[in-house]
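In this chain, numbering begins with 1 at the start of the sequence shown. Every number for a ligand or one of its atoms is a count from 1 in the order of the listing.
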Amino acid sequence: MTVRRTVHLIVNPVAGHAKAPEVVTSHVIPILDESQTPYKLHTTTAPRDAGTIGRSILDNDRAGAADSSSKITVIIAGGDGTTHEFIEGVLDVSSELKNEQSVLRGVWEIVILPFGTANALYSSLFPPTTPTPEFESLQSLSHPIPSDVLPKLYSLFSFLDKSSTPLPLPITLTTLVPPVCHTPIASEQPIRRSGREESTIIPSHVVLSTSLHACILQTSETLRAAHPGPERFRIAAQQSASRFFEAKARLSPPRQTSGEVEQWDPKKREFVKPYTHTIGPTPNVDGRERRVVEIGGPFAYFLSTSTVDRLEPTFVVSPKTSLRPAELTPTTISSSPKESTSLPGAGEGNRQEDGGDIDNGRWIYVTILRPLRDPRVIAAPAEQRGEVWSRRAFEVLGKAYQQGTHIDLTYPVSPPAENLDDETESRGQGDTVVELFRCGSFEWIPLEEDERTRLVCADGALHLIPIGGHAEVGLKVPVEGEDCWSFAVWA
Ligand SMILES: Nc1ncnc2c1ncn2[C@@H]1O[C@H](COP(=O)(O)OP(=O)(O)OP(=O)(O)O)[C@@H](O)[C@H]1O
């Protein structure tokens, strides 16, 4: 085997069930030794340490490297949160806002060892049903890997094999924008109270959410010690599922294309022109008409992603999202789920007969539930609507565990007014239950001061939109040779 450049191994010893150190010592390091891959081990010692480690790697690499644009490989043993903190640390996006000189922040190739709780990115790249790919470096190992450890090492073997290239990892940038206010008397012009430089920019690589999902993440942290597994997310959901969030959302098309915002149509099984919203103003951006879709609340669920189809191994909440190029997804190989080839990373949720144009990296997929679109909720007295909706929310989101079939649900056409047991249907005649849009960017504008409506969850990290402010969410897709930073993941 060839001698390789030093890779950095970042281990979070407390993520998930705290198993990373043991597996790294017993299996990962022996594999790196055997493949003659030099490595440097870093163990996180506190929250956010992965970012500090990432910055020190960058500084040392730049100090010693003749070619400052060379790639740095980082193996991250932990959950999505550890990778999030690493990316946040090396990017330090706040300096961009302050107009500081643009700094070369590195071209990073990430190998994931999924030792967190949810492992959304890894589970999306290698869903639980993935048969073990035929890795050359695995076959040439001198010692066997236990069957419970092997499925966690696919990204590592993919990196060691180098039979393909790593997948570009788009980064979502969320700006928390302070409110606009009027100066006392001197000017009629509205100004931003604290200036744009005081906006906060948050990078995320898995999920950006508000509403129920953000509340679940907030509550679930308090349950971590008692429930280290994903069951804590379900326990937390019980506490917020009946809540409505008063806000407004604006979705914009991707900048780099002439495309429009699109919406999933379960009956046609394809993305079509948005049909469950109100069309907002049409601002002229960059000399082009760009149609903005404005969506009124209240909301119950609002979650966006560009990279993952699932948040846990079997919770396929955004089944049309994939990081893999379309030509590697089963929908382009076969029009029938039964004939689908089981490629690594081929999400179960992607195996649908629509032949839908699964895209990678260009779109932000936004999954929305709005309770007042439910005839059962409308029929209920105002004080019972939350509880009535809560049952529906569990019914609908429960289908995400059935290979993402929630996106095909429709409401019963004429439900009996008093019947609280009316079930949704799959691709029936009624209105679409889950509103799944894809767009290039969006804004989330809270219309109430309640913290829960101003809460934003970026890969599990929680942030608050300032009162009166809003969040602007856009996508940074790496363009080779043009950017001072980019990320890619071995899969
Ligand atoms: N040595 C440490 N002591 C305490 N906390 C740490 C340490 N190292 C990292 N952390 C914190 O551990 C937290 C959990 O890590 P991570 O998010 O990767 O795992 P997880 O939450 O179990 O998995 P997932 O994000 O996939 O659900 C991170 O928020 C990080 O700040």
request  = Output, in order, the C-alpha distance, side-chain angles, deciding distance and verdict of salt bridge (charged side-chain N to carboxylate O under 4.0 Å, His left out) for Lys248 and Glu443.
outcome  = CA-CA 8 Å; Lys248 164 168 89 172; Glu443 290 172 63; over 6 Å; no

key: Check against side-chain contact (heavy atoms from CB on, under 4.5 Å), Trp389 and Leu369   = CA-CA 10 Å; Trp389 169 256; Leu369 284 171; 3.8 Å; yes

request  = Heavy-atom distances under 4.0 Å are what count here, so tell me which part of Ala461 touches ligand 1: side chain, backbone, both or neither.
outcome  = neither

query = How far apart are the closest heavy atoms of Lys40 and Thr6, and which atoms are they?
reply = N-CG2, 4.0 Å

inquiry  = For atom 27 (O) of ligand 1, what's the nearest protein heavy-atom neighbour? Residue, atom name and distance, please.
reply    = Ala118 N, 3.1 Å

message = Quick check: Gly81 and ligand 1, any N/O pair under 3.5 Å apart?
response = yes

message = Looking at non-hydrogen atoms alone, which of Ile53, Asn12, Leu311 comes nearest to atom 15 (O) of ligand 1?
response = Asn12

query = Identify the closest protein heavy atom to atom 4 (C) of ligand 1: which residue and atom is it, and at what distance?
reply = Val14 CG2, 3.8 Å

query = Gly16 near ligand 1, heavy-atom distance under 4.0 Å?
reply = yes

query = For atom 30 (C) of ligand 1, which of Glu221, Glu85, Glu312, His84 has the closest heavy atom?
reply = Glu85

ask   = If you measure from the Lys or Arg side-chain nitrogens to the Asp or Glu carboxylate oxygens, is any gap between Arg454 and Glu448 under 4.0 Å?
value = no

key: Enumerated ligand 1 atoms positioned under 4.0 Å from heavy atoms of Arg48   = 31 (O)

key: Pair Arg234 + Glu231: basic N to acidic O under 4.0 Å   = no

query = Are Tyr154 and Phe159 close enough that their ring centres sit under 6.0 Å apart?
reply = no

query = Salt-bridged, Arg243 to Asp450, with N to O below 4.0 Å?
reply = yes

inquiry  = Ignoring hydrogens, what is the shortest heavy-atom contact between Pro298 and Pro371? Give both atom names and the distance.
reply    = O-CD, 3.4 Å

key: Gly79, any N or O under 3.5 Å of ligand 1 N or O   = yes

ask   = Quick one: does ligand 1 sit under 4.0 Å from the side chain of Thr45, the backbone, both or neither, non-hydrogen atoms only?
value = backbone

key: Within 45° cone and under 6.0 Å: Arg438 NZ/CZ vs Phe271 ring   = yes

query = Between Thr82 and ligand 1, which part of the residue brings a heavy atom under 4.0 Å of the ligand: side chain, backbone, both or neither?
reply = both

request  = Answer yes when Glu435 and Arg370 have at least one side-chain N-carboxylate O distance shorter than 4.0 Å, and no when they do not.
outcome  = yes

Nearest neighbour in protein (non-hydrogen) for atom 8 (N) of ligand 1 = Thr44 OG1, 2.7 Å

remark   = To atom 20 (P) of ligand 1, the nearest of Asp459, Thr117, Val206 on a heavy-atom basis is Thr117

ask   = Looking at Phe115, does the NZ or CZ of Lys152 lie under 6.0 angstrom from its six-membered ring centre and within 45 degrees of the ring axis?
value = yes

request  = Between Arg224 and ligand 1, find which residue part has any heavy-atom pair under 4.0 Å and reply side chain, backbone, both or neither.
outcome  = side chain

ask   = Of all the non-hydrogen atoms in the protein, which one sits nearest to atom 19 (O) of ligand 1, and at what distance?
value = Ala15 CB, 3.4 Å

query = Counting from 1, what ligand 1 atoms have a heavy atom of Asp80 closer than 4.0 Å?
reply = 24 (P), 25 (O), 26 (O)

request  = Using distance alone, decide if ligand 1 has a nitrogen or oxygen within less than 3.5 Å of any nitrogen or oxygen in Phe233.
outcome  = no

